[in-house]
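Data block below; observations after.
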Amino acid sequence: VTLISKDTTPTRARAALGGNTATITVSVSAFIQFSKEHRADLARVAELFVTHELTHCLQQGPAGEAVSRAWPLWIVEGMANYAAEDPLQDEYFAVIKQQGIRDLDVIQALEVYPRGRLFFKYLQAKYGTEKLKNFVVLLYQRTEYRQAVEAVTKKAWNAFKAEELQWSKEYARKFGL
């Protein structure tokens, strides 16, 4: 993985994958701007975004293939936000406030970040870290995500999804949504 600093404002960070290599480009000026806007520690902002992008790099398979291309975007982005312990950011809150917490099978656009993170938080909270790890392993083994959920939770996808949606709504209420 190569880390490059370049002014890409307003984009804070991005990962580019190719073969067995990955490049993470970060924008220090965008980090500083984000840090000021959110009254956040600059080091924590950098850690959050680099971890998020590094997770995308690790979403490649062992031979450099993009395993994650078969995953819904909410899993790809949710996993990265979860790994970075990314709090639900203001720009994502706006989407949730406008549309509410919606079913995983219908979310789109910016919803994928907070809803995906909530999915991973729920899986860990309800089933534990080991089951969460097992889910990720199954994804990397190219198990379809619904089947992976069913394998680790022993619940049908629709039953799991309904419970996850309820939990996510309750979790979001803690943040005034």
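The figures that follow rest on heavy atoms only: side chains count, while hydrogens, waters and symmetry mates do not. These numbers come from a predicted model, not from an experiment.
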Worksheet item: Do the side-chain N and O atoms of Gln59 and Tyr140 include a donor-acceptor pair separated by under 3.5 angstrom?
Response: no

Worksheet item: Does Gln124 reach the main-chain N or O of Leu132 with its side chain, forming a donor-acceptor pair under 3.5 Å?
Response: no

Discussion item. Over 60° means perpendicular and under 30° means parallel, so tell me whether His56 and His52 are parallel, tilted or perpendicular.
Written reply: perpendicular

Discussion item. Can you confirm if the aromatic rings of Phe119 and Trp74 lie within a centre distance of less than 6.0 Å?
Written reply: yes

Item to complete: Decide yes or no on side-chain contact (heavy atoms from CB on, under 4.5 Å) for Lys6 and Ser27, but give the supporting numbers first.
Response: CA-CA 5 Å; Lys6 182 178 177 183; Ser27 174; over 6 Å; no

Discussion item. Between Glu111 and Arg102 (salt bridge meaning N to carboxylate O under 4.0 Å), is one present in this structure?
Written reply: yes

Practice prompt. Applying side chain to side chain donor-acceptor pair (under 3.5 Å), name anything that partners Asp103, two or more places apart in sequence or on another chain.
Written response: Lys161

Item to complete: With side-chain contact (heavy atoms from CB on, under 4.5 Å) as the test, would you mind laying out the steps for Arg115 and Glu77 before giving the verdict?
Response: CA-CA 9 Å; Arg115 282 300 285 123; Glu77 295 300 344; over 6 Å; no

Worksheet item: Under the side-chain contact (heavy atoms from CB on, under 4.5 Å) criterion, do Ile101 and Arg173 qualify, and how do the steps go?
Response: CA-CA 10 Å; Ile101 303 286; Arg173 279 190 204 108; over 6 Å; no

Response to the item:
Scanning both residues in full, the closest heavy-atom pair of Lys131 with Val152 reads CD-O, 3.2 Å

Item to complete: Heavy atoms only: give me the nearest Ala84-Leu48 pair and the separation to one decimal.
Response: CB-O, 3.3 Å

Practice prompt. Evaluate the criterion salt bridge (charged side-chain N to carboxylate O under 4.0 Å, His left out) for residue pair Lys126 and Glu164; output intermediate values, then yes/no.
Written response: CA-CA 9 Å; Lys126 174 78 176 183; Glu164 185 277 339; over 6 Å; no

Worksheet entry | Non-hydrogen atoms of Thr51 and Ala83 that approach each other most closely | CG2-O, 3.7 Å

Worksheet entry | Tyr127: partners by ring-ring contact (aromatic ring centres under 6.0 Å, His included), with sequence neighbours left out | none

Worksheet item: Between the main-chain N or O of Thr143 and the side-chain N or O of Gln141, is there a donor-acceptor pair closer than 3.5 Å?
Response: no

Worksheet item: If every non-hydrogen atom of Val50 is compared with every non-hydrogen atom of Val26, which pair is closest and at what distance?
Response: CG2-CG1, 3.8 Å

Item to complete: Indicate yes or no: at least one non-hydrogen side-chain atom of Leu42 is less than 4.5 angstrom from one of Ile32.
Response: yes

Worksheet item: Which pair of non-hydrogen atoms, one from Glu150 and one from Trp157, has the smallest distance, and what is that distance?
Response: OE2-N, 2.7 Å

Worksheet item: When the ring planes of Phe49 and Phe31 are compared, do they come out parallel, tilted or perpendicular, using 30° and 60° as the limits?
Response: parallel

Fill in: Heavy-atom side-chain proximity of Phe160 to Leu123 below 4.5 angstrom
yes

